[in-house]
Undergrad: 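Before anything else, here's the structure in question.
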Number of protein chains: 2
Amino acid sequence: MSSKPTMRDVARKSGLSIATVSRVINFPGEVPAETAEIVTAAMRYLNYRPNINGRRLKMSQTRTVGVLVPTLANPVFATSVQGIEQEANIEGLTVLLTSSNYDPEREMGAVSALLNNRVDGLILTLANADNNPVVDLLLAEKIPFVLLFNQPERADIAAISVDNAQSAFDITNAMIAKGHRSLAMVAGQFESSDRSRQRYDGFCRALDQAGIEKKHLVQVRFGETDLVEPLRDLLLGPDAVTGIVCSTDMLAIAAISACRAHGLSVPGDVSVGGIDGISVGGLITPKLCSAVQPTQEMGRQALAFLRGLIKGQTNPQSLLLPHHLSDGDSIGLFRGNSPHRSSTRV
Amino acid sequence: MSSKPTMRDVARKSGLSIATVSRVINFPGEVPAETAEIVTAAMRYLNYRPNINGRRLKMSQTRTVGVLVPTLANPVFATSVQGIEQEANIEGLTVLLTSSNYDPEREMGAVSALLNNRVDGLILTLANADNNPVVDLLLAEKIPFVLLFNQPERADIAAISVDNAQSAFDITNAMIAKGHRSLAMVAGQFESSDRSRQRYDGFCRALDQAGIEKKHLVQVRFGETDLVEPLRDLLLGPDAVTGIVCSTDMLAIAAISACRAHGLSVPGDVSVGGIDGISVGGLITPKLCSAVQPTQEMGRQALAFLRGLIKGQTNPQSLLLPHHLSDGDSIGLFRGNSPHRSSTRV
DNA sequence: ATGAACATTTGAAACGTTTACATCCGCAGA
DNA sequence: TCTGCGGATGTAAACGTTTCAAATGTTCAT
């Protein structure tokens with residue numbers, strides 16, 4: 001009476017066998033309504049709850065999926081997880097969530113822990129999808145997995161993302177179209193994010209196409225929100241830029257803040273664009289202009305996709321979801337260097 | 001050879017018994033270095049990974065804790081989960097995360113699922129901590145749990161939060177100190193959040209103390225970010241306010257946006273204050289003035305506290321962590337109704 | 001040589017499920 | 001009456017661990 005009641009207790013209480021109890025739980029249709037009632041009554045009486053761990057041990061499928069994201073502090077990932085959980089809930093799947101903090105070492109540890117839990121599959125956002133030991137491990141062990149936000153080079157890996165390079169290309173072009181010729185990109189460190197590099201590539205492509213030679217790049221540690229110093233030269237130096245493309249919206253918001261700290265107005269003196277489309281971007285002033293990806297939907301799709309893989313559907317294919325530019329006002333017409341700005345220059 | 005190797009396989013391979021293998025894994029110290037080496041070699045050779053579900057079934061403790069938050073879309077909760085995971089990682093605990101979407105019905109379902117997983121304890125942020133069937137269930141089943149952000153009336157429930165009423169009181173007072181006498185609160189619906197109500201109480205207390213009679217209140221659905229219509233009367237009506245206290249920072253950011261949409265400047269025409277202290281608040285313009293709570297730290301503490309309860313430490317006590325007002329500039333001096341504002345009024 | 005004391009290792013019984021297989025029973029058709 | 005069938009239930013063997021009690025081997029004082 002002290003410990004939790006088990007199926008055996010329910011069986012005893014209802015005068016039936018443990019097998020019948022199990023059937024009532026798992027295949028209510030295959031049992032006469034009358035017996036089912038007896039059993040459920042006993043369960044209610046005893047306050048019985050099935051021990052999922054017993055089931056998980058016995059069954060080959062655990063109906064659990066593992067999720068690894070870099071961090072929950074960035075709303076992009078938080079909302080994608082929301083999408084995953086939403087879809088998982090519908091399917092009655094349990095989600096095991098971990099985060100790597102952008103640290104490749106922790107990625108392996110986290111995935112290892114998830115595998116010890118015998119998850120049926122994984123959804124991962126990796127620092128670097130290419131040449132990644134985690135990916136190799138998963139392929140070797142034949143565990144179904146889907147990459148989210150990563151855009152791996154190998155075609156035989158399931159991945160759901162937007163076209164990172166194209167996103168950056170588009171937002172950069174939006175600036176060029178407004179007359180800006182002196183641009184910089186602020187990006188998360190490439191070692192911590194392949195997306196960061198891919199987006200930089202798109203940035204460069206846009207500049208090349210416009211015949212712009214100077215390609216400024218500032219890499220910042222992830223989680224960093226104070227860009228005042230990192231951007232000083234870019235904003236006030238001898239060849240200051242008039243447009244900053246940020247590899248994420250979080251960086252863009254931080255960049256706008258840094259511009260202000262340097263006495264520059266956005267978009268008056270400097271235009272700033274982001275990538276991701278996090279929701280606060282639409283609320284701040286100036287409204288952030290960003291290459292928006294359907295984050296939550298991507299999470300949902302990732303889970304749906306993973307479910308397919310788990311069911312044995314082979315030939316994983318990558319999905320590139322469409323992005324779009326939001327109509328913000330953080331990108332403005334090029335006006336030369338405003339008086340205010342030149343006066344501010346050190 | 002097809003399926004995953006088990007301890008039995010490792011035992012066979014190393015010519016030792018399954019019990020010895022288990023001891024190598026769990027008590028490496030109690031086994032001669034030589035045998036340990038043989039066993040680990042076998043494990044490496046077979047690519048063995050322990051099946052945690054087997055262990056969980058056998059052991060009385062699962063070394064798993066369940067976490068329930070309203071949503072990950074609000075950075076307050078996302079960062080608190082970060083804190084929880086951080087601390088859990090150190091302890092080698094697994095975190096099972098679910099969200100309720102502010103829906104009391106889903107709360108019970110989610111907790112039930114967690115209990116089926118036989119979690120050792122729970123960390124919960126509930127819509128309403130008082131008279132909550134989930135709390136009753138947990139108390140009845142004697143499952144250790146800690147409330148996070150909730151401030152229950154009952155003293156026998158472990159809870160970690162800031163003083164919600166006091167937070168609202170302080171931020172409201174900051175406005176009053178700047179000369180504002182016509183104030184409103186924008187809050188999440190009380191049914192979905194006891195904090196919302198507690199914060200409203202603090203708001204009222206501040207107004208009472210200042211001898212202000214009119215107490216405006218607008219309740220909005222959670223997740224709502226478009227406050228243009230909800231705030232119209234408040235901002236443009238016959239007795240428009242000059243200060244808005246928001247029950248969360250997310251609402252505050254949305255409120256600022258709405259003010260702008262109505263042609264009002266913050267803090268020129270209207271002052272806006274928030275509660276929570278999410279990090280973007282410090283990056284936007286105007287810098288959000290908020291009653292800041294140490295969100296991540298609270299998550300960490302919640303886990304530490306829960307660990308104590310699980311270890312059998314009795315007499316749960318509530319912890320009220322200190323909050324502080326951030327020095328933002330979203331709250332400004334009362335200037336009467338500016339010409340701009342009156343001209344904008346419909 | 002004998003047995004006590006100790007260090008290692010092992011056997012086997014759980015933990016709470018699922019499920020293939022067996023059993024039981026009533027009833028229709030012969 | 002017997003055969004056979006099908007529906008309802010029961011038996012028992014897994015699943016992969018942990019762990020207690022017991023066995024085995026080793027060392028050492030007697």
Undergrad: Within the 4.0 Å heavy-atom criterion, would you say B:Arg118 contacts the bases, only the backbone, or no part of the nucleic acid?
TA: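 Answer is nothing: B:Arg118 stays at 4.0 Å or more from every strand.
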Undergrad: Between B:Asn53 and D:dC15, is there a contact of a side-chain N or O with OP1 or OP2 at under 4.0 Å?
TA: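 No, B:Asn53 has no side-chain N/O under 4.0 Å of OP1/OP2 on D:dC15.
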Undergrad: Starting at CZ of B:Arg8 and ending at C1' of D:dA13, how long is that distance when rounded to a whole Å?
TA: 13 Å
Undergrad: Select from B:Leu16 and A:Met59 the residue whose nearest nucleotide in DNA chain C is closer to the 5' end of that strand.
TA: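 With B:Leu16 and A:Met59 compared, the 5'-side residue is B:Leu16.
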Undergrad: Between the base of D:dG16 and the side chain of B:Arg56, is there any donor-acceptor pair under 3.5 Å?
TA: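 Donor-acceptor pair under 3.5 Å: no.
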Undergrad: Kindly point out which of D:dA13, C:dT10, D:dT17 is positioned nearest to the side chain of B:Met7?
TA: D:dT17
Undergrad: Does A:Asn51 make a side-chain N or O approach to OP1 or OP2 of C:dC15 shorter than 4.0 Å?
TA: no
Undergrad: Quick one: is A:Thr35 getting a side-chain N or O under 4.0 Å of the D:dT9 phosphate, OP1 or OP2?
TA: yes
Undergrad: Please determine whether a side-chain nitrogen or oxygen atom of B:Thr20 lies at a distance below 4.0 Å from atom OP1 or OP2 of C:dT10.
TA: yes
Undergrad: Is the backbone of A:Arg63 close enough, under 3.5 Å, to the side chain of A:Asp120 for a donor and an acceptor to pair up by distance?
TA: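 Present.
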Undergrad: Between atom CZ in A:Arg23 and atom C1' in D:dA8, what is the gap in whole Å?
TA: 8 Å
Undergrad: Keeping A:Ser112 on the side-chain end and A:Gly109 on the backbone end, is there a donor-acceptor pair under 3.5 Å?
TA: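 Pair absent, no side-chain N/O of A:Ser112 close to backbone of A:Gly109.
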Undergrad: At 4.0 Å (heavy atoms only), tell me whether A:Ser60 reaches a base, stays on the sugar-phosphate, or touches nothing.
TA: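 No contact at all - A:Ser60 keeps every heavy atom at 4.0 Å or more from the nucleic acid.
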Undergrad: Just the rounded figure in Å: distance from P of D:dG10 to CD1 of A:Ile38.
TA: 10 Å
Undergrad: Considering heavy-atom distances to DNA chain D, does A:Ile18 or A:Leu57 have its closest nucleotide positioned more toward the 5' end?
TA: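 The 5'-side residue here is A:Ile18.
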Undergrad: Give the rounded distance in Å between these two atoms: NZ of A:Lys58 and C1' of C:dC15.
TA: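 In whole Å, C:dC15 C1' and A:Lys58 NZ are 14 Å from each other.
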Undergrad: Is there a side-chain polar atom (N or O) of A:Thr6 under 4.0 Å from OP1 or OP2 of C:dG16?
TA: no
Undergrad: Check whether any side-chain heavy atom of A:Leu303 sits under 4.5 Å from a side-chain heavy atom of A:Leu93, and report yes or no.
TA: yes
Undergrad: Between A:Asn53 and B:Arg56 (side chain of the first, backbone of the second, donor and acceptor by atom type, cut-off under 3.5 Å), is there such a pair?
TA: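 A pair under 3.5 Å: no.
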Undergrad: Rounded to whole angstrom units, what separation is found between the CZ atom of A:Phe27 and the C1' atom of C:dA20?
TA: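 Checked: the CZ to C1' distance equals 12 Å.
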Undergrad: Looking at every strand, decide which applies to B:Ser22 at a 4.0 Å heavy-atom threshold: base, sugar-phosphate, or nothing.
TA: base
Undergrad: Tell me the interatomic distance from B:Arg55, atom CZ, to D:dT19, atom C1', rounded to whole angstroms.
TA: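 Rounded to whole Å, this separation is 13 Å.
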Undergrad: Check this for me, if you would: do A:Arg300 and A:Glu85 make a salt bridge, where the nitrogen-to-carboxylate-oxygen distance has to be below 4.0 angstrom?
TA: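 Between A:Glu85 and A:Arg300 there is no salt bridge, as every charged N stays at least 4.0 Å from the carboxylate O atoms.
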Undergrad: Report the distance from atom CG of A:Asn117 to atom C1' of D:dT17, rounded to the nearest whole Å.
TA: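 In whole Å, D:dT17 C1' lies 14 Å from A:Asn117 CG.
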Undergrad: Expressed in angstrom and rounded to an integer, what is the separation of B:Arg49 atom CZ from D:dT17 atom P?
TA: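 Atom-to-atom, B:Arg49 to D:dT17, this comes out as 12 Å.
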